[in-house]
Amino acid sequence: MRNIAASNFTWLSQSASRILPHLGFVAAYVLLDWLSFIEPMHGFNITTWNPPPALGFVYWLSYGRVAALPWFFALLIAEGLVRSFPAGWGDTLMLSVCLTFGYGCIAEILRRNFRVETVFGNRRELSLWFVVVGAGALLNALVYVSLLHVLQLLPDAEWLEALRRYWLGDLVGVMISMPIFWLLASGEGRNRLWQVLRQWETLGFCLLMAALIWFTFAFYHRTRFHHFYFLFLPIVWAASRQGIVGAALIAGLMQLNIIAATASGFNIVFPLGELQLLLSMLALVSLFIGIVVEEQKATALELNRSMRLTAAGEIAAALAHELNQPITAMVAYGKSCTELIARNRANSEAGNDSGKLFREVVERMVGESNRAASVVRRIKELFQTGAMEAETVELDNFLEQTALPFSVQARQLGVQFELGPVPRVQANLDRLQIELVLRNLLQNAFEAVAAQPEGKRRVRLTLETEDAGKLVFCVSDSGPGVAPAMRAGLFEPFVTSKSSGMGVGLAISRSIVEAHGGKLWAEFPAHGTFKFSLPSMEANTVNVK
């Protein structure tokens, strides 16, 4: 018995959870019909504002064709409770079936083209929504009003006016009300609406809207609503600041204010239909602004994600580029160790000298390994925070140490490498980062002269001092120089003329130099020349983070 009772309770609860949303829709539809039953024609639901179809469209988008039967009962009940069946039982049944079919066709077209969460996703979808609703409402109004005329419930002379009013009533009701119903239909939409309602700014544009409506209506009898353009102020404010949520909220609140003013008899002598049409255009403008704002936010988020991916790619490329040199050096030192071991086995008498040389090579390998680790850590810091580890550096000794590996490389490649006279000056800089810059420039110079005939491969590194304590480093070579097509984007990431290059060396170098308060540039004579400037200790202008 307990199992049967539990099973029955479960079945009842599941049935209630399925039925309650539909009963809630019927109740909300009838209540909304009663609230909007203003200035009807001959007791029918031909009014200047008809928002219940907006609720029906959102309901159909959520539940599909299952919504047809509850919508039919909602129409039928509203005809009885709100209008007391002005067409009689039989005709009311037929008219309700006709309206359910007409509204259902519009809703099904919307459902086939949109999901409930993407009706107002972008300007294209908003335009399509407006066309479908406008054309569908016109066709539905044409059929409904024609049926009333055929049933002799509507005079011949009022057929066109009834068509115009019914169509505009549906169009205005849907345009102004559907966005807010759309937000309320989903948990995400309700959350977004709640976040907007909690902001003090929302209270500001609501108060401004109420004040401007009062101002506009107060001068109605003299200006015939010529001051309506003031209403753009709260609309633009809400839509531009809070996107589609603010646009939907301000449109709905403006409609409620107009209805409240109408119900209270507040000095409105202008035809309500024209006023509603004007408000619908204001609502459409606010929706367009809100969607543009939403699109810009989405674009900004996408750009931010793309920039993070680009930055990650630049870091990876920078690491690959900068680790290439120490790894190459370690490979060379490893080969030297192998040769020394083989030589030591072949000639035991040279063991002491070989052992000493072996230790020196291993120490160099350890040094290059430490340098590789430092490169990884410091490039990561450079891209994440731009931080430097600045220290006072004697530039003559610093340049000799930086040029030493290239002197060995120059002898192997037949390059005349010259380190010009270096003045004994100091600079406050990050030793590893500036070394990266010099190694990049020197490596590019060596690659540039590789294709030159032997005897014409020249690379030169110099340092000069200029006025105001500025230090200018110069790397020049006898290569072909920079092609004119490459000059404009020379320092941009991923721009390179080398088939195996990544195009990040110069971009990283420029970032490093600028972080030191200097400047990196290229000059374009017949050969390649790259220079960068740094402040000396006397200038004391480097910005160290």
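Please read these numbers as outputs of a predicted model, since none were measured by experiment.
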**Q** First locate atom CD of Glu464, then atom OG of Ser533, and finally report the distance between them rounded to the nearest 0.5 Å.
**A** 12.5 Å
**Q** Flag the pair Glu108 and Arg112 as a salt bridge only when some basic side-chain nitrogen lies within less than 4.0 angstrom of an acidic carboxylate oxygen.
**A** yes
**Q** Run Glu391 and Leu429 through side-chain contact (heavy atoms from CB on, under 4.5 Å) and show every step you take.
**A** CA-CA 6 Å; Glu391 57 181 300; Leu429 50 83; 5.7 Å; no
**Q** When rounded to the nearest 0.5 angstrom, what is the spacing between CZ in Phe181 and CE in Met178?
**A** 10.5 Å
**Q** Can you tell me how far the CG atom of Leu441 sits from the OG atom of Ser509, to the nearest 0.5 Å?
**A** 5.5 Å
**Q** Can you list the steps and then say if Phe406 with Val459 is a side-chain contact (heavy atoms from CB on, under 4.5 Å)?
**A** CA-CA 10 Å; Phe406 290 93; Val459 176; over 6 Å; no
**Q** Looking at Arg65, I'd like to know if its CZ atom is crowded, meaning that more than 12 non-hydrogen atoms belonging to other residues, nucleotides or ligands lie closer than 6.0 Å.
**A** no
**Q** Show me the pairs that pass side-chain hydrogen bond (donor to acceptor under 3.5 Å, both in side chains) and involve residues 402-422, at least two apart or across chains.
**A** Glu418-Arg460
**Q** Pairs under 3.5 angstrom only: tabulate donor-acceptor contacts from the side chains of residues 471-478 to other protein residues two or more places apart or in another chain.
**A**
residue, atom, partner, partner atom, Å
Asp477, OD1, Gly479, N, 2.7
Ser478, OG, Lys456, O, 2.5
Ser478, OG, Arg458, N, 2.9

**Q** side-chain contact (heavy atoms from CB on, under 4.5 Å) between Gln426 and Leu395: does it pass, once the steps are laid out?
**A** CA-CA 6 Å; Gln426 295 179 336; Leu395 291 181; over 6 Å; no
**Q** Kindly state each residue pair satisfying salt bridge (charged side-chain N to carboxylate O under 4.0 Å, His left out) with at least one member in residues 196-210, sequence neighbours excluded.
**A** Glu201-Arg241
**Q** Going by salt bridge (charged side-chain N to carboxylate O under 4.0 Å, His left out), name the pairs with one or both residues in residues 521-535, residues two or more places apart or in two chains.
**A** Glu523-Lys531
**Q** With the threshold set at 4.0 Å, does a side-chain nitrogen-carboxylate oxygen contact exist between Glu447 and Arg457?
**A** no
**Q** In this structure, is the centre-to-centre distance between the rings of Tyr63 and Phe25 below 6.0 Å?
**A** no
**Q** Step by step, work out the side-chain contact (heavy atoms from CB on, under 4.5 Å) result for Asn113 and Val132.
**A** CA-CA 10 Å; Asn113 288 277; Val132 170; 5.6 Å; no
**Q** How close do Gly518 and Leu534 get, counting heavy atoms only, and between which atoms?
**A** CA-CD2, 4.5 Å
**Q** Supply the atom-to-atom distance Leu438 CG to Leu399 CG, rounded to the nearest 0.5 angstrom.
**A** 6.0 Å
**Q** Can you list everything that forms a side chain to side chain donor-acceptor pair (under 3.5 Å) with Glu514? Sequence neighbours excluded, please.
**A** none
**Q** Assess the residue pair Arg424 and Glu400 against the criterion (salt bridge (charged side-chain N to carboxylate O under 4.0 Å, His left out)); give the C-alpha distance rounded to whole Å, side-chain angles, the decisive distance to 0.1 Å, and a yes or no.
**A** CA-CA 12 Å; Arg424 297 182 60 85; Glu400 288 177 2; over 6 Å; no
**Q** Roughly how far apart are Trp129 CH2 and Ile109 CD1, rounded to 0.5 Å?
**A** 15.0 Å
**Q** Determine, stepwise, if the pair Arg439 / Glu435 fulfils salt bridge (charged side-chain N to carboxylate O under 4.0 Å, His left out).
**A** CA-CA 6 Å; Arg439 287 193 179 220; Glu435 182 182 345; 3.0 Å; yes
**Q** Give every residue pair that meets the salt bridge (charged side-chain N to carboxylate O under 4.0 Å, His left out) criterion with at least one member in residues 177-186, sequence neighbours excluded.
**A** none
**Q** Once you round to the nearest 0.5 Å, how far does CD1 of Ile512 lie from CZ of Phe532?
**A** 10.0 Å
**Q** Will you find, in the side chains of Gln199 and Gln242, an N or O donor that is under 3.5 Å from an N or O acceptor?
**A** yes
